Amino acid sequence: MVKMTLGVDGMMCDMCAARINDAIRRAFDVKKVTSSQKKGETVIIAEN
């Protein structure tokens with residue numbers, strides 16, 4: 001398992017975070033993805 005934490009600028013609300021999560025799920029094979037507008041980051045957990 002690999003855990004990646006990425007800084008993301010420009011998230012203004014929880015809907016922005018949800019859209020980022022959806023885009024990552026469509027583009028990559030991930031186990032879990034969570035984004036936080038308050039922290040300004042996205043955490044991705046994947047096999048590779």
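Count residues from 1 along the sequence. In this text the structure is predicted, and so the values were computed from the model without any measurement.
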- request: Mind jotting down which residue pairs meet the side-chain hydrogen bond (donor to acceptor under 3.5 Å, both in side chains) criterion with at least one end in residues 7-19? Sequence neighbours excluded, please.
  value: none

- prompt: Do side-chain atoms of Asn21 reach the backbone of Ser35 as a donor and acceptor pair under 3.5 angstrom?
  reply: yes

- request: Supply the members, apart from Met4, of the Ile/Leu/Val/Met/Phe/Trp/Tyr cluster built from side-chain contacts under 4.5 Å; use none for a lone residue.
  value: Val2, Leu6, Val8, Met11, Ile20, Ile24, Phe28, Val30, Val33, Ile44

- line: Sequence neighbours excluded, the answer for salt bridge (Lys or Arg N to Asp or Glu O under 4.0 Å) partners of Lys31 is Glu47

